Amino acid sequence: MNNPSQDDAYEKQIHGIQNNITKYQNKLKEIHTKHNATNTKQSSKKEQELVSQVNTEFANLRKARLERSQQYKERYGELAAVRKERQKQIQARQQEFEKELEEKEARQKQKVTDNGMGACNELISQLQLVQEPVEQLEINDHPDHQEQEQEDIDEGCSNNNDNGEPNNGKKSVATAATVIDRIQVVNAPYEDADEDTSLLIIPLSIMELFWEISIQVPVSVSEIEPTLTKIRERRDELSSL
């Protein structure tokens with residue numbers, strides 16, 4: 001922005017010069033009129049002085065406008081430098097913002113990767129526990145039934161032989177542990193069973209791990225091994241990120 005006081009001074013200067021030019025030109029016209037009336041062709045000393053004064057005022061006017069033009073150029077250069085500096089600051093802030101955004105995305109990506117890797121490892125551990133040979137958990141394996149089962153065993157009414165195997169010769173496949181924070185199996189299938197009728201009871205906290213890595217939750221014992229394969233593949237994908 002130009003200084004208002006400088007603008008006023010310039011306008012006042014130009015106005016004064018233009019008034020002087022008009023005044024000297026009017027005096028010259030009066031002299032020319034007198035010369036024409038008297039048929040005088042020779043220029044008087046007064047006329048020469050007026051012409052010189054008019055030329056001087058025109059020179060002053062030209063000088064004032066050139067100085068004003070130079071001031072505009074200098075001011076434009078200052079504004080251009082300010083704009084350039086502001087643009088540099090904007091670019092620097094933009095680069096800082098982009099860097100912060102990239103770092104934030106990298107942290108979020110690393111967090112997702114770490115959480116995913118942790119979920120994969122935990123799920124592999126949980127599913128492998130289901131495959132370990134532990135005590136068979138049937139639908140009727142409920143605390144309310146334990147007393148009756150003990151009475152059946154004492155009376156020799158159990159269908160198991162001395163080795164703890166069913167009398168029909170079929171061997172039970174491994175079931176899950178009975179603690180509440182682990183996967184449990186109901187009706188675990190036998191090795192030579194034609195159909196898998198087992199059911200996995202999965203705590204919500206473990207199901208959320210499946211959802212986190214976008215792996216379908218298994219519902220039976222026969223789905224455990226394929227699920228383990230998918231989880232390991234997903235873990236390899238995450239480790240390569």
Side-chain angles (χ1 to χ4, degrees), residues 1-121 208-215 230-231 233-241:
M1 298 292 294
N2 292 327
N3 192 330
S5 61
Q6 293 180 349
D7 293 340
D8 293 341
Y10 172 75
E11 293 296 334
K12 185 177 181 180
Q13 180 186 13
I14 295 300
H15 184 68
I17 294 173
Q18 289 175 337
N19 285 341
N20 290 336
I21 292 173
T22 301
K23 179 177 68 173
Y24 296 144
Q25 287 177 338
N26 289 336
K27 289 182 178 181
L28 282 172
K29 288 180 181 179
E30 292 176 0
I31 293 175
H32 289 162
T33 301
K34 290 179 181 180
H35 286 174
N36 291 334
T38 59
N39 292 323
T40 303
K41 296 182 179 180
Q42 185 177 1
S43 299
S44 64
K45 183 178 180 180
K46 181 66 174 177
E47 184 179 5
Q48 292 176 355
E49 290 177 355
L50 289 172
V51 171
S52 177
Q53 289 174 337
V54 170
N55 291 336
T56 299
E57 292 300 327
F58 272 115
N60 291 337
L61 181 63
R62 181 170 58 254
K63 180 181 178 182
R65 288 177 173 171
L66 287 174
E67 289 176 351
R68 189 62 173 174
S69 176
Q70 184 63 29
Q71 290 176 358
Y72 278 126
K73 289 181 180 178
E74 291 176 357
R75 183 56 181 167
Y76 175 80
E78 293 174 358
L79 293 175
V82 171
R83 286 194 297 268
K84 185 176 181 180
E85 181 63 24
R86 288 179 178 175
Q87 186 66 26
K88 185 186 298 185
Q89 293 175 356
I90 292 173
Q91 291 177 351
R93 288 196 297 269
Q94 180 67 23
Q95 291 176 353
E96 291 177 0
F97 174 76
E98 292 177 353
K99 183 179 179 181
E100 292 176 358
L101 186 60
E102 290 177 356
E103 292 176 352
K104 182 178 179 180
E105 291 177 349
R107 288 194 298 268
Q108 291 177 343
K109 183 178 180 180
Q110 186 62 42
K111 182 178 179 180
V112 171
T113 300
D114 293 342
N115 291 343
M117 291 286 290
C120 290
N121 292 332
E208 289 176 346
L209 297 179
F210 282 102
W211 299 335
E212 183 173 341
I213 61 174
S214 301
I215 297 294
K230 293 180 181 179
I231 294 174
E233 292 174 352
R234 180 59 177 155
R235 184 177 60 180
D236 293 340
E237 291 175 2
L238 291 172
S239 62
S240 63
L241 295 179

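Note that this is a predicted model, so its numbers are computed, not measured.
For the atom pair OH (Tyr10) and CD1 (Ile14), the distance works out to 4.0 Å, reported to the nearest 0.5 Å. Put simply, NZ on Lys12 and CD1 on Ile17 are 13.0 Å apart, with the number rounded to the nearest 0.5 Å. Atoms CG and CD, from Asp114 and Gln110 in turn, are 4.5 Å apart once rounded to the nearest 0.5 Å. In this structure, Glu233 CD and Ile215 CD1 are separated by 8.0 Å, a value rounded to the nearest 0.5 Å. Rounded to the nearest 0.5 Å, atoms NZ (Lys230) and CD1 (Ile213) are 11.0 Å apart. With rounding to the nearest 0.5 Å, the separation of CD in Glu47 from CD in Glu49 is 11.0 Å.
Here the closest heavy-atom approach between residue Glu212 and residue Gly116 is recorded as OE2-N, 3.9 Å. The two residues Ser239 and Met117 come nearest to each other via the heavy atoms N-SD, 3.9 Å. Nearest heavy-atom pair across Leu238 and Cys120 is CD1-SG, 4.2 Å.
Counting only distance, with no hydrogens or angles, the side chain of Thr22 and the backbone of Gln18 share a donor-acceptor pair below 3.5 Å.
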Would you check, one step at a time, whether the test side-chain hydrogen bond (donor to acceptor under 3.5 Å, both in side chains) holds for Arg68 with Gln71?
CA-CA 5 Å; Arg68 189 62 173 174; Gln71 290 176 358; 3.0 Å; yes
Trace of the side-chain hydrogen bond (donor to acceptor under 3.5 Å, both in side chains) decision for Glu30 with Asn26:
CA-CA 6 Å; Glu30 292 176 0; Asn26 289 336; over 6 Å; no
Please tabulate, one pair per line, all N/O donor-acceptor pairs under 3.5 Å involving side-chain atoms of residues 52-64, not counting sequence neighbours.
unit_1, atom_1, unit_2, atom_2, d
Asn55, ND2, Val51, O, 3.3
Thr56, OG1, Ser52, O, 2.8
Asn60, ND2, Thr56, O, 3.4

For residues 80-102, tabulate all N or O donor-acceptor pairs below 3.5 Å that involve a side-chain atom, not counting sequence neighbours.
unit_1, atom_1, unit_2, atom_2, d
Gln94, NE2, Glu98, OE2, 3.1

